[in-house]
Amino acid sequence: MTAEIQDTAGLLLSRIRDVPDYPKPGVLFKDITPLLADPVAFTALTDTLATLCATHGATKIVGLEARGFILAAPVAVRAGLGFVPVRKAGKLPGATLKQAYELEYGTAEIEVHAEDLAAGDRVMVIDDVLATGGTAEASLELIRRAGAEVAGVAVLMELGFLAGRARLEPALRGAPLEALITV
């Protein structure tokens with residue numbers, strides 16, 4: 001990690017608020033809304049993620065529902081790349097590709113418009129948090145099923161104690177996983 005990214009990480013971390021016992025007792029929620037409300041911090045985050053997209057040769061950006069949309073859309077604009085939303089099943093009209101994945105208790109499904117990704121695309125996945133890695137892992141499968149290549153995954157924050165990186169490593173197939181902050 002460069003000194004500039006370390007400085008940015010410090011700024012970003014200073015704008016993330018800890019909310020104890022939310023959404024249930026025993027959980028320490030990391031609230032990014034103060035970061036989003038600070039134009040200096042939000043711009044630094046957007047610029048850093050756009051630089052990572054350029055570094056890894058991305059041609060499109062996928063944002064994961066829902067907070068990933070908030071981060072990925074301005075990064076796409078800044079980087080001059082297309083933005084493709086990956087949504088919960090049933091939220092997109094038209095032809096979609098769907099991918100089921102395991103949750104702690106049950107399964108979920110995400111989808112992408114079938115025509116939004118194609119062979120030749122190098123896709124950077126952007127999200128706010130890497131927790132257990134299930135949604136990110138499913139998104140990588142969707143990207144590849146659409147014929148595109150994974151340029152990498154970039155997240156604002158990795159919750160290291162949940163071991164999402166270890167789960168995601170095989171699905172990355174050598175593509176980078178960039179976390180600006182690890183807690």
Side-chain angles (χ1 to χ4, degrees), residues 1 4-53 61-78 83-92 99-112 124-142 152-169 171-172 176-183:
M1 188 180 299
E4 183 179 339
I5 290 177
Q6 286 178 327
D7 290 345
T8 299
L11 169 64
L12 301 176
L13 188 58
S14 75
R15 302 303 189 275
I16 296 172
R17 176 177 54 172
D18 288 343
V19 181
D21 299 320
Y22 182 82
K24 62 183 186 178
V27 173
L28 181 63
F29 184 77
K30 299 291 189 180
D31 180 14
I32 68 167
T33 59
L35 185 157
L36 300 173
D38 179 335
V40 172
F42 195 19
T43 298
L45 173 60
T46 300
D47 289 347
T48 300
L49 291 173
T51 298
L52 289 174
C53 289
I61 296 174
V62 156
L64 303 181
E65 188 163 335
R67 290 180 299 205
F69 296 171
I70 297 168
L71 305 185
V75 171
V77 170
R78 180 65 51 107
F83 168 73
V84 178
V86 168
R87 303 224 42 203
K88 295 175 184 169
K91 301 287 185 179
L92 293 172
Q99 183 66 41
Y101 62 100
E102 297 292 322
L103 298 170
E104 187 175 356
Y105 300 104
T107 62
E109 199 171 43
I110 56 173
E111 63 186 8
V112 66
M124 179 68 78
V125 176
I126 294 180
D127 204 3
D128 65 326
V129 173
L130 175 64
T132 63
T135 307
E137 181 181 39
S139 74
L140 299 180
E141 180 63 25
L142 272 179
V153 175
V155 296
L156 165 59
M157 184 174 15
E158 177 180 354
L159 305 179
F161 60 93
L162 292 177
R165 181 177 290 267
R167 176 181 180 169
L168 201 52
E169 282 295 330
L172 286 165
L177 168 57
E178 304 274 5
L180 302 184
I181 300 167
T182 301
V183 294

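In this view, Ala66 satisfies the side chain to side chain contact (heavy atoms under 4.5 Å, CB included) rule with no residue, not counting sequence neighbours. Qualifying salt bridge (Lys or Arg N to Asp or Glu O under 4.0 Å) partners for Glu178, counting only residues two or more places apart in sequence or in other chains: none. A search for side chain to side chain contact (heavy atoms under 4.5 Å, CB included) contacts involving Leu36 returns Ile32, Phe42, Ile70, Leu71, not counting sequence neighbours. Annotation: side chain to side chain contact (heavy atoms under 4.5 Å, CB included) contacts of Val129 (sequence neighbours excluded): Ala131, Met157, Leu159. Listed by chain and residue number, nothing satisfies the salt bridge (Lys or Arg N to Asp or Glu O under 4.0 Å) test with Glu109 (two or more places apart in sequence, or in another chain). Residues satisfying the side-chain hydrogen bond (donor to acceptor under 3.5 Å, both in side chains) criterion with Asp18, sequence neighbours excluded, are Lys30. Judged as a side-chain hydrogen bond (donor to acceptor under 3.5 Å, both in side chains), and not counting sequence neighbours, Ser139 has no contacts. In this structure, the side-chain hydrogen bond (donor to acceptor under 3.5 Å, both in side chains) partners of Glu65, at least two apart in sequence or on a different chain, are Arg87. For Val19, the side chain to side chain contact (heavy atoms under 4.5 Å, CB included) partners are Arg17, Tyr22, Phe29, Asp31, not counting sequence neighbours. Listed by chain and residue number, Arg145 satisfy the side-chain hydrogen bond (donor to acceptor under 3.5 Å, both in side chains) test with Gln99 (two or more places apart in sequence, or in another chain).
The list of side-chain hydrogen bond (donor to acceptor under 3.5 Å, both in side chains) pairs with a residue in residues 34-45, not counting sequence neighbours, reads Arg15-Asp38. Identified under the salt bridge (charged side-chain N to carboxylate O under 4.0 Å, His left out) test for residues 39-53, with sequence neighbours left out: Asp47-Arg78.
For the residue pair Ala72 and Gly63, the shortest heavy atom distance occurs at CB-CA, 3.6 Å.
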